[in-house]
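Each remark here refers to the structure printed beneath this line.
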Protein chains: 2
Amino acid sequence: MARQTISDSALLDTALDLFRTHGAEGVSLSQLSQATGLEKASLYYRFPGGKEEIILATLASVGQWFENQLFPALRSPGPPRKRAAKAAEILRAFYQDGARSCVTDVLSLPGGSPQRHQALQTAMEAWIAAFAALARESGLPPAAARQAAEEAVIRIEGSLVLSRVLANPAPFHRTLKQLPDLLTTR
Amino acid sequence: MARQTISDSALLDTALDLFRTHGAEGVSLSQLSQATGLEKASLYYRFPGGKEEIILATLASVGQWFENQLFPALRSPGPPRKRAAKAAEILRAFYQDGARSCVTDVLSLPGGSPQRHQALQTAMEAWIAAFAALARESGLPPAAARQAAEEAVIRIEGSLVLSRVLANPAPFHRTLKQLPDLLTTR
DNA sequence: GCTACTTTACCGATCGGTCGGTATCCAAGA
DNA sequence: TCTTGGATACCGACCGATCGGTAAAGTAGC
């Protein structure tokens with residue numbers, strides 16, 4: 001087997017699922033090894049920095065996914081409300097109807113490395129900026145647009161927590177439905 | 001040493017701080033032992049069920065704190081808006097201006113035990129119910145009151161995530177300021 | 001045969017958890 | 001009042017398992 005047995009992106013998708021389910025400290029290299037079908041030593045060949053590098057790569061992969069899937073939908077032509085609704089649909093799929101947690105939430109505990117925290121902060125800023133751009137385009141003044149964007153992220157993150165704890169997807173779904181109203185002037 | 005060297009409540013306060021900082025899997029018995037000044041074996045004397053029992057006891061302790069501190073403020077006599085503002089102040093102190101995470105968020109990962117999840121769900125239902133009672137009292141119909149209460153919890157949880165990731169307490173503070181508007185008819 | 005990749009086998013450290021004690025306190029018996 | 005014995009609370013030492021991490025030996029494809 002001189003060829004890769006699993007692609008980087010498939011591997012990181014698997015890692016993402018593990019991390020958002022058990023948290024950073026809750027996932028061991030053995031679990032990662034079993035879930036990806038690669039021996040521990042092979043994981044170290046691909047990610048010499050070990051677990052922390054896998055976490056960082058997972059974060060980068062999620063960031064790329066947002067760049068490629070969510071942000072284009074927000075920037076596409078068409079009425080802002082329609083775009084916001086499309087973004088909500090994409091987010092609904094990403095979080096699997098509220099059944100999956102947000103990595104940004106799960107991996108952001110103060111115990112983490114500075115690099116991890118930096119990556120999360122950058123990703124969240126990009127997310128807020130993308131929301132804010134849409135809000136401005138729909139007519140809100142910059143300051144109000146930024147605040148609306150933060151508010152939207154707050155409600156998405158919060159509703160994910162609530163849906164997870166109550167084992168009920170309704171709060172998450174309701175929040176997504178509010179997204180167009182939140183990000184645009186009516 | 002027939003007398004306890006540390007009270008249950010002080011011990012659980014210490015555990016709470018550790019858990020909300022590092023997550024359930026991120027806290028080892030050695031850390032717990034060092035932080036409380038009790039040897040591992042002594043922790044097992046106090047909590048024969050080990051780490052999981054300590055987590056459950058910590059959750060129960062937080063639940064009691066809410067019952068004794070937050071809920072009375074919500075039920076006290078006086079205008080509902082004043083009471084909501086008082087509750088916001090109490091929450092601000094509990095989350096140390098957004099610097100601390102919410103245990104309900106941190107300990108609610110799907111990987112946890114069923115009992116843990118049940119405890120978290122019960123606690124969150126109690127929180128929502130207390131908010132909803134205030135909202136009803138201020139004049140909202142039951143369904144709207146329940147929804148306003150959920151919305152309030154969503155925003156508090158979400159703003160804690162955002163403030164943590166951005167390392168900026170502003171979103172949390174702003175959210176608390178909105179609390180009276182959210183829970184009462186103007 | 002060289003390179004890219006994976007595997008087997010191993011390391012010391014730490015994990016959650018247990019065991020046999022020991023120190024302290026309090027209450028009952030003389 | 002003094003002794004003593006049991007309950008309470010704690011601790012040092014240890015357990016097997018698993019942790020994150022490494023070195024060296026394959027193995028497949030160019």
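Chain A is the first sequence line, chain B the second, and so forth, proteins listed ahead of strands; every chain is numbered from 1. Computed over heavy atoms, backbone and side chain alike; hydrogens, waters and symmetry mates excluded. Just so it is clear, the model here is predicted, and its values are computed rather than measured.
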Q. Could you write nucleotides 15-21 of chain D as a row of B, S and -, 5' to 3', where a protein heavy atom under 4.0 Å of any base atom gives B, of only sugar-phosphate atoms gives S, and otherwise -?
A. ----SBB
**Q.** OP1 or OP2 of D:dA9 under 4.0 Å from side-chain N/O of B:S42
**A.** no
Q) Below 4.0 angstrom from OP1 or OP2 of C:dT6, is there any side-chain N or O of A:T5? A) yes
Q.
I want to check a possible cation-pi pair here: B:R20 against B:F94, using under 6.0 Å from ring centre and within 45° of the ring axis as the test.
A. yes
Q | B:Q34 and B:S30: CA distance, side-chain angles, deciding distance, side chain to side chain donor-acceptor pair (under 3.5 Å) verdict | A | CA-CA 6 Å; B:Q34 197 194 340; B:S30 319; over 6 Å; no
(Q) Rounded to whole Å, how long is the line connecting atom CD of A:Q4 with atom C1' of D:dT27? (A) 16 Å
(Q) Tell me whether the side-chain N/O atoms of A:Y45 come closer than 4.0 Å to OP1 or OP2 in C:dT6. (A) no
Q: Could you tell me whether A:E125 and A:R146 have a side-chain N and a carboxylate O separated by less than 4.0 Å?
A: yes
(Q) Starting the side chain at C-beta, find the nucleotide from C:dT6, D:dC10, C:dT18 nearest to B:L38. (A) D:dC10
Q) Any donor-acceptor pair under 3.5 Å linking the side chain of B:R164 with the backbone of A:D105? A) yes
Q. Rounding to a whole Å, what distance do you find between B:I6:CD1 and D:dT8:C1'?
A. 17 Å
Q: Go through B:W127 and B:T104 one step at a time and tell me if the side-chain contact (heavy atoms from CB on, under 4.5 Å) criterion holds.
A: CA-CA 11 Å; B:W127 189 5; B:T104 306; 5.5 Å; no
Q: Compare side-chain N and O positions of A:R46 against OP1 and OP2 of C:dT6 and report whether any pair is under 4.0 Å apart.
A: yes
Q) Taking atom P of D:dC11 as reference, at what distance in whole Å does atom CD of B:E39 sit? A) 6 Å
